[in-house]
Amino acid sequence: MIELADTFDISIVAEGVQDKATAERLKKYGCGFVQGHYFSPPVPARAIHLGVWGSELADGQITPAATTRPSSA
């Protein structure tokens, strides 16, 4: 699927990533976007702020998202 999407210049997201090994394997396969409990627990839509819950697979680093919830101030 990753190769097919790449052929048509389509971005794909792998969902349900539970551990570092899976995230690394998907990166090795060429999947640039992943999501799942490894990066962040489920949060209500009102709690999401750009840049707070995101994670990147950049520079060969796999980094789980911060687990600190934004303040409700």
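In this structure, F39 CZ and K20 NZ are separated by 10.5 Å, a value rounded to the nearest 0.5 Å. Atom OG in S11 sits 9.0 Å away from atom CG in D6 (nearest 0.5 Å). Between D19 atom CG and R25 atom CZ the span is 7.5 Å, to the nearest 0.5 Å. Taking NE2 of H37 as the start and CD of Q18 as the end, the distance is 5.5 Å to the nearest 0.5 Å. Between the CD atom in E24 and the OH atom in Y38 there is a gap of 7.0 Å [rounded to 0.5 Å].
Annotation for A14 and L26: closest pair CB-CD1, 3.6 Å, computed over non-hydrogen atoms. Residue V34 comes nearest to V17 through the heavy atom pair CB-CG2, 3.8 Å, listed as atom of the first residue, atom of the second, then distance.
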